[in-house]
Amino acid sequence: MAATLSPNEESQLLQTIEMFEVITQSQPLDYQSLEILKEAYSKLSRQKEAANTSKRIAQAYVQLGQLSSAILEYETILQQSPEDPDVLAALSEIENKATSFTASPALPETDFAEKSRPEATAKATAGNGRAASAEIDDGRKVMHKLFVEAKLMSEADFKAFWPDAAAEPEAGRTQEPFIQVLHDKGVVPVEKSLRVLCEKSRYGFLPLEKYDVDVELARTFPKAVCQRWCVLPFDRMSKSVLVATANPFNRQAAHDLEAATQNRLLWYVTPPTELLKAMRKVFRS
């Protein structure tokens, strides 16, 4: 399979592996990133590494309490290696655990992680364009809870610095992320904001400056949408598009991007300065 890849494609896959190995080492339950890593290994015909990554995915599912998903992942490995002792032992352990395991996941989704995640947008806004335009869900309610109710900042500062979602941004200008404004104003350090957002959204953290952004891919998405919400599709892996954001609770941004593609969107939290720099590179006139 690797022989059919162009040198550029192979180089991109190697970079993806390097980046996502780092991400998954620090975030071992990030099965979304592990899936990307497994596919990159498979495309390079590195089957041993792909199988090992499948095991890591299954282990993550087990720790998250998603036993059915773990079983499916292990069974996929068995199709290639029917006598794999690690997989057979893991399946036996899951069978024993399932008898006493409750229906609730070990890490249940909360209002932060499920109801406020961007991919929940389609159901919330499908067939209701007027309602969506009248009440834009840009993540304000969740961010207010995270920053004001958690005592990280005052109500007055939140009102002063949260951008007006209804206001049309200046043409050609990218909206500066809220957490960058807080940092610049000395309200909340950006590092602290990023920790909060990753913890509550459960999205992976990705240092975008170390990634070779697919400029041509990014330019297939509406420039106005990307700049309005400061989001950037930066790579494609099979039928998924990877998207960088500094506001993982912006449902409207997800809805607007979903309207421009048939691919699944996979979201990553990115430092705002790196996101803005990449945006300028992609959408410079």
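The residues of the chain are indexed from 1 along the displayed sequence. Side-chain atoms are counted along with the backbone in the values below, which use heavy atoms only and exclude waters and symmetry mates.
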Work out which heavy atom in [X] is nearest to a heavy atom in [Y]; give both atom names and the distance.
X      : Y      : answer
Cys230 : Leu275 : O-CD2, 3.2 Å
Ile179 : Ala246 : CD1-O, 4.0 Å
Ala244 : Leu208 : CB-CD2, 4.1 Å
Ile77  : Ala51  : CD1-O, 4.0 Å
Cys226 : Leu257 : SG-CD2, 4.2 Å
Ala70  : Ile94  : CB-CD1, 4.0 Å

If you count every heavy atom of other residues, nucleotides or ligands that lies below 6.0 Å from [X] atom [atom1], does the total exceed 12?
X      : atom1 : result
Glu149 : CD    : yes
Glu155 : CD    : yes
Gln80  : CD    : no

Evaluation steps, side-chain contact (heavy atoms from CB on, under 4.5 Å), between Leu34 and Tyr61
CA-CA 11 Å; Leu34 286 167; Tyr61 281 137; over 6 Å; no
List the residues meeting ring pair (Phe, Tyr, Trp, His ring centres under 6.0 Å) with Tyr211, not counting sequence neighbours, and say none if there are none.
Phe234
Transitive ILVMFWY side-chain link Leu232 to Val215, under 4.5 Å
yes
Cluster overlap Val62 with Leu88, hydrophobic side-chain contacts below 4.5 Å:
yes
Set of side-chain contact (heavy atoms from CB on, under 4.5 Å) partners for [X], sequence neighbours left out:
X      : value
Asp138 : Ile136, Arg140, Trp162, Ala165, Trp229, Asn250
Leu91  : Ile71, Tyr74, Leu78, Val87
Arg46  : Leu14, Ile17, Tyr41, Leu44, Glu49
Ala224 : none

Please check if the side chain of [X] supplies one atom and the backbone of [Y] the other of a donor-acceptor pair under 3.5 Å.
X      : Y      : answer
Ser238 : Ser240 : no
Ser42  : Lys38  : yes
Thr261 : Glu258 : no
Thr24  : Gln27  : no

Going by the rule side-chain hydrogen bond (donor to acceptor under 3.5 Å, both in side chains), which residues pair with [X] if we only count those two or more places apart in sequence or in a different chain?
X      : result
Asn52  : none
Ser81  : none
Thr174 : none

Nearest-0.5 Å distance that lies between atom [atom1] in [X] and atom [atom2] in [Y]:
X      : Y      : atom1 : atom2 : value
Leu206 : Asp30  : CG    : CG    : 10.0 Å
Leu37  : Ile57  : CG    : CD1   : 8.0 Å
Tyr31  : Glu73  : OH    : CD    : 12.0 Å
Arg202 : Leu197 : CZ    : CG    : 14.0 Å
Ser11  : Leu5   : OG    : CG    : 11.5 Å
Leu152 : Met143 : CG    : CE    : 11.0 Å

Name all pairs fulfilling the salt bridge (Lys or Arg N to Asp or Glu O under 4.0 Å) condition that reach into residues 53-72, sequence neighbours left out, sorted by first residue then second.
Glu21-Arg56, Lys55-Asp84, Lys55-Asp86
Salt bridge (Lys or Arg N to Asp or Glu O under 4.0 Å): pairs with one or both residues in residues 209-222, sequence neighbours excluded
Glu216-Arg219
If you apply the rule side-chain hydrogen bond (donor to acceptor under 3.5 Å, both in side chains), what do you find for Gln32 with Glu35, and how did you get there?
CA-CA 5 Å; Gln32 175 176 288; Glu35 288 282 3; over 6 Å; no
Would you check, one step at a time, whether the test side-chain contact (heavy atoms from CB on, under 4.5 Å) holds for Leu276 with Glu176?
CA-CA 8 Å; Leu276 288 167; Glu176 189 171 20; 4.2 Å; yes
Check whether the side chains of Gln15 and Gln12 place a donor and an acceptor atom closer than 3.5 Å, and report yes or no.
yes
Are [X] and [Y] close enough that some pair of their side-chain heavy atoms sits under 4.5 Å apart?
X      : Y      : value
Ser201 : Val269 : yes
Met19  : Pro207 : yes
Gln227 : Gln175 : no

Intermediate values then yes/no, side-chain contact (heavy atoms from CB on, under 4.5 Å), Trp267 and Leu242:
CA-CA 6 Å; Trp267 295 81; Leu242 284 56; over 6 Å; no
With side chain to side chain donor-acceptor pair (under 3.5 Å) as the rule and sequence neighbours excluded, what pairs involving residues 268-278 come up?
Ser33-Tyr268
Could you list the donor-acceptor pairs under 3.5 angstrom formed between side-chain atoms of residues 183-196 and any protein atom two or more places apart in sequence or on another chain?
unit_1 : atom_1 : unit_2 : atom_2 : d
His183 : ND1    : Val190 : N      : 3.0
Asp184 : OD1    : Gln180 : NE2    : 2.9

So that I know where these two stand, are Phe158 and Phe147 an aromatic pair - ring centroids less than 6.0 Å apart?
no
Does the pair Met237 and Glu39 meet the rule for a side-chain contact (heavy atoms from CB on, under 4.5 Å), with working shown?
CA-CA 8 Å; Met237 185 60 64; Glu39 183 165 354; 3.6 Å; yes
